[in-house]
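Please read the structure below before turning to the comments.
Just the heavy atoms: all of them, side chains too, but no hydrogens, waters or symmetry mates, feed the values below. Lettering of chains follows the sequences in order, A, B, ..., and the numbering in each one begins at 1.
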Amino acid sequence: MTDKDVEAQARLGGPPDIAGEEGGAPGTTAPLAEPAATDAQPIPFEFRGNAREYFKIWVVNLALTLVTLGIYSPWAKVRKLRYFYGNTYLDGSSFEFLGSPIAILKGRIIAVLAFASYWLAANFYPAANLVLLPVFAVFFPWVFVKTLTFRSRNSAYRNLTFSYHGGYLQIAAAYFGLPVLIAAVAVAIFFGAGVPLNLPGNSPVKLSAEVAGRVGMLLSFVVLGASLAFPYFYYLQKRVFLAPRKFGDSAFTFEAGPAPFYRLMFKLSFFSVVAMVAILIVLWLTGAFTKGMPGETVARPVFMPIIVALVVVLAQSLLFVTFITWTRNLVLSAVRIGEAQLGSRLRVGEIFLLYLTNIIAIVCTLGLLTPWAKVRLTRYQMSKTSLLAPQGTENFTGGPGQSASAVGEELADFFDLDLAI
Amino acid sequence: MIISGEYHNGLDTGKNPATFILGSGGNYKVIWADGEQSGALAVARISARLGTIPRHIHFDNDAEFTTADNDGVDRAITAAGLARNPSFIHKLEHNPRIALGALLLIVVSVLLFFQYGVPVLSQRAVALIPPDVERGIATHSIEVLDRFVFSESELDADTQHRIRQDFNALLRAQGYQQHIVLLFRNGNRVGPNAFALPGGFIVVTDQLVKLADDRREIMAVLGHELGHIVNKHGLRRIVENSAITLVMFSLTSDANTVMQAAAAFPVMLINNKYSRAYETQADRYGLDFLQRAGISPEYYATILRKLQKATGPDSAPGFLSNHPATAERIKLVEGRVGKTQSR
């Protein structure tokens with residue numbers, strides 16, 4: 001069979017919309033599809049990964065990392081990332097992770113050096129942390145940009161990549177604005193009151209009751225101000241993380257202002273107060289506060305403190321899960337990519353159950369069920385995430401060099417670091 | 001050889017259903033609705049096979065061909081002579097027997113590491129730490145404890161002096177070179193207790209001194225703390241805690257931060273296991289110390305019983321505790337008492 005025959009056969013057996021006509025230079029742009037009607041429905045993301053398959057991948061890569069004394073770990077990491085990107089589908093196409101293990105190796109080396117110096121300082125030279133923390137802070141926005149640029153440029157959908165354009169000062173302001181502000185005001189108050197800073201080595205200074213009272217009052221104002229400013233800076237952090245991005249040449253926009261962040265924090269504070277009061281009332285009703293009377297014969301349940309601790313921990317976890325779930329919904333639903341709108345509708349109860357069962361599984365197997373936990377969490381998260389694209393998913397465009405096929409040398413000085421953001 | 005998939009031109013996100021054909025000489029041709037392109041497959045970048053995720057063949061002109069037909073791509077790679085055994089890692093990951101072997105390897109190495117590796121590692125690491133660093137850690141710990149827990153001792157100077165004198169006499173008699181500093185503090189909510197810190201510091205709370213009816217009981221406790229100092233247990237626990245955390249962290253590095261935090265619980269259990277072993281070692285050391293000093297181990301049993309009475313029965317089940325059950329410790333001591341008497 002000649003090449004021509006194969007080609008002819010391919011044309012016959014190929015997809016129905018392959019017409020007979022020849023033509024079109026390699027890489028020519030396909031004519032854009034008809035714009036969809038305005039009543040477009042959100043398309044859900046879908047995670048097609050499978051816990052059994054991923055467990056095998058995870059365990060083999062971990063064993064390879066072990067026998068190579070850790071050298072293989074960046075390669076393992078790339079395979080794991082590729083698995084999750086490649087199984088995440090939107091409108092029939094999956095994402096692709098293109099990152100090179102070398103960039104991850106560089107990130108690992110930086111992380112290990114930073115962690116080792118921190119560990120040595122924390123355990124053996126506690127005073128050195130005073131120097132180390134500002135140094136980390138200065139480098140943080142730089143690491144942040146390098147990492148997000150690397151991650152974005154190496155993420156592709158239908159051969160078009162993302163990019164990140166956040167600036168150093170923007171990031172520094174969002175992450176360190178509040179701490180610097182608090183520190184500045186606190187130092188000003190102490191200075192104004194004539195109190196020398198209580199640095200290690202100085203003997204504690206005794207204040208007159210009057211001055212101490214005034215300083216205390218001013219400091220409580222600082223605490224109040226800081227809690228009021230927190231949602232704003234939290235909003236800035238989320239915005240600087242997401243907004244300065246592009247998919248191809250469609251810019252991301254962050255549609256939410258600070259107001260919904262304030263509403264979220266307010267609702268959450270309200271719930272925590274309600275939860276606290278409810279727990280106290282239940283404890284009071286069950287008699288947990290009454291002391292055993294001398295000569296009391298009724299055996300008091302020994303496990304009472306354990307139950308109380310459990311209830312408090314559960315309530316705290318529920319509040320925390322509520323916080324991260326609401327935040328994710330708020331933040332992702334605020335993102336627009338060109339004309340398309342992201343949506344996230346995670347439910348607190350479902351996420352809480354997922355986390356709870358995942359944690360039990362991880363703890364009981366000393367971490368061996370981590371892959372299973374990750375797959376089921378991702379599957380749930382993706383099923384509740386969607387994209388509303390009035391123009392359809394086929395009409396995003398990119399400039400030259402923004403394709404996945406062109407990813408390469410220009411990323412040489414970027415690296416990947418696991419940032420907990 | 002024909003593979004069906006999609007052609008993505010790299011300029012827009014159009015799907016372009018397409019057909020990939022591998023011809024002779026390793027040349028390919030991709031055909032889609034409004035075009036085709038051809039070239040040598042050798043200059044294309046083909047993504048490595050992984051699970052069932054789609055493969056991407058990135059061409060040198062910004063375009064790609066993508067397909068879920070993993071077997072087809074592997075056949076094309078072999079047919080074009082680009083690799084003899086494509087998807088080698090995938091084959092390892094796909095084979096249930098290899099996965100099982102990998103699992104066993106991991107479980108066995110982690111258990112062996114916890115059982116034998118960590119203690120040896122911490123012993124070696126601790127030997128490298130210079131003494132002034134040790135003292136630095138101790139001074140820092142004391143500063144923190146003084147600020148948040150302890151207050152100045154209310155014992156009179158005479159009592160403090162006599163305890164120091166007794167203990168120093170015992171140390172001298174047994175030929176100890178290391179200088180041991182005894183510090184007295186009001187333990188407040190900590191109650192009757194004594195702590196060994198790196199660098200040869202022992203903190204004794206007023207409450208412990210008051211609990212003892214005989215100075216030999218305090219000497220017994222100090223013997224136990226001396227065991228911690230001589231064996232550098234404090235430093236070893238810092239190193240061990242870090243090693244265990246690192247292992248658990250790498251095992252759970254896939255999970256998100258919240259689920260990873262849950263791994264702190266197994267870390268605590270393993271830590272407690274080492275800690276209990278150290279307590280027993282220190283108990284034995286303390287008893288030897290007493291024996292050499294000619295003090296009956298019964299004094300140690302007495303103070304342990306008093307401590308148990310003062311702090312209440314052990315509240316947590318054994319595996320949750322960082323000390324062995326007091327009853328077991330007393331039994332260990334009583335075993336010694338029997339031996340000494342029968343001698």
Side-chain angles (χ1 to χ4, degrees), chain A residues 3 6-7 9-11 14-15 17-19 23-30 33 53 56-60 62-63 66 79-80 82-83 86-87 93-94 96 119 123-126 157-160 355 358-359 362-363 366-367 370-371 373-374 393-398 400 403-406 420, chain B residues 2 4 8-17 19 21 23-24 29 31-37 45 47 50-54 56 58-59 61-64 89 92-94 96 98-99 102-103 105-106 109 129 133 136-137 140 143 238 242 248 251-252 254-255 257-259 262-263 265-266:
Chain A
D3 283 2
V6 174
E7 205 174 297
Q9 196 185 30
R11 283 178 201 284
D17 49 357
I18 294 188
T28 45
T29 316
E53 183 183 59
K56 287 192 288 181
I57 292 169
W58 176 82
V59 85
V60 167
L62 193 59
L66 193 70
R79 284 189 83 75
K80 291 191 274 186
R82 282 188 57 216
Y83 186 83
N87 275 305
S93 300
S94 74
E96 188 187 10
W119 184 85
N123 284 308
F124 303 117
Y125 302 96
Y157 176 72
R158 288 195 195 140
N159 199 18
L160 215 55
Y355 269 63
N358 277 352
I359 284 172
I362 289 176
V363 168
L366 288 178
T370 310
K374 172 126 194 239
T393 60
E394 296 199 62
N395 290 305
F396 292 97
T397 55
S403 75
S405 302
Chain B
I2 300 163
S4 59
H8 298 146
N9 59 27
L11 299 170
D12 66 59
T13 50
K15 284 183 183 173
N16 305 318
T19 304
I21 304 157
S24 56
K29 184 173 250 184
I31 304 160
W32 65 101
D34 357 77
E36 62 170 57
Q37 85 167 59
R45 197 155 38 95
S47 68
L50 171 63
T52 50
I53 68 171
H56 298 262
H58 291 286
F59 303 120
N61 69 332
D62 267 359
E64 73 164 10
I89 298 284
L92 293 182
E93 291 165 346
H94 189 65
I98 288 177
L103 181 64
L105 177 73
I106 289 160
S109 353
I129 298 170
V133 173
I137 299 169
H140 180 70
E143 260 172 37
I238 296 179
S242 313
M248 286 311 292
L251 277 178
T252 58
D254 264 20
T257 328
V258 183
M259 295 194 278
F265 186 67

Under a 4.5 Å cutoff for heavy-atom pairs, which residue among [options] has the most contacts with chain B?
| options | result |
| --- | --- |
| A:A404, A:S93, A:G367 | A:A404 |
| A:V363, A:I359, A:I57 | A:I57 |
| A:R79, A:K80, A:E53 | A:R79 |

For [X] and [Y], which heavy atoms make the closest approach, and how far apart are they?
| X | Y | value |
| --- | --- | --- |
| A:E96 | B:S47 | OE2-CB, 4.1 Å |
| A:K56 | B:E93 | CB-O, 3.2 Å |
| B:A99 | A:V60 | CA-CG2, 4.0 Å |
| A:S405 | B:R45 | O-NH2, 3.0 Å |
| A:S403 | B:D62 | OG-OD1, 2.9 Å |
| A:A63 | B:I106 | N-CD1, 3.8 Å |

Discussion item. Just so I understand: if I count every heavy-atom pair under 4.5 Å between each of B:S242, B:P96, B:S109 and chain A, which residue has the most?
Written reply: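 Counting heavy-atom pairs under 4.5 Å, the top option is B:S242.
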Discussion item. Can you tell me which portion of A:L62 sits under 4.5 Å from chain B's heavy atoms? Options are side chain, backbone, both or neither.
Written reply: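 It is both, since atoms from each part get that close.
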Nearest-0.5 Å distance, [atom1] of residue [X] to [atom2] of residue [Y]:
| X | Y | atom1 | atom2 | answer |
| --- | --- | --- | --- | --- |
| A:I362 | B:M248 | CD1 | CE | 9.0 Å |
| A:F396 | B:L11 | CZ | CG | 15.5 Å |
| B:F59 | A:N159 | CZ | CG | 9.5 Å |

Worksheet item: Judged by atom type as modelled, is there a donor-acceptor pair below 3.5 Å linking the side chain of B:T13 to the main-chain atoms of A:R158?
Response: no
Worksheet item: Does the side chain of B:H8 reach to within under 4.5 Å of the side chain of A:L160, using non-hydrogen atoms?
Response: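 No, too far: nothing below the 4.5 Å cut-off.
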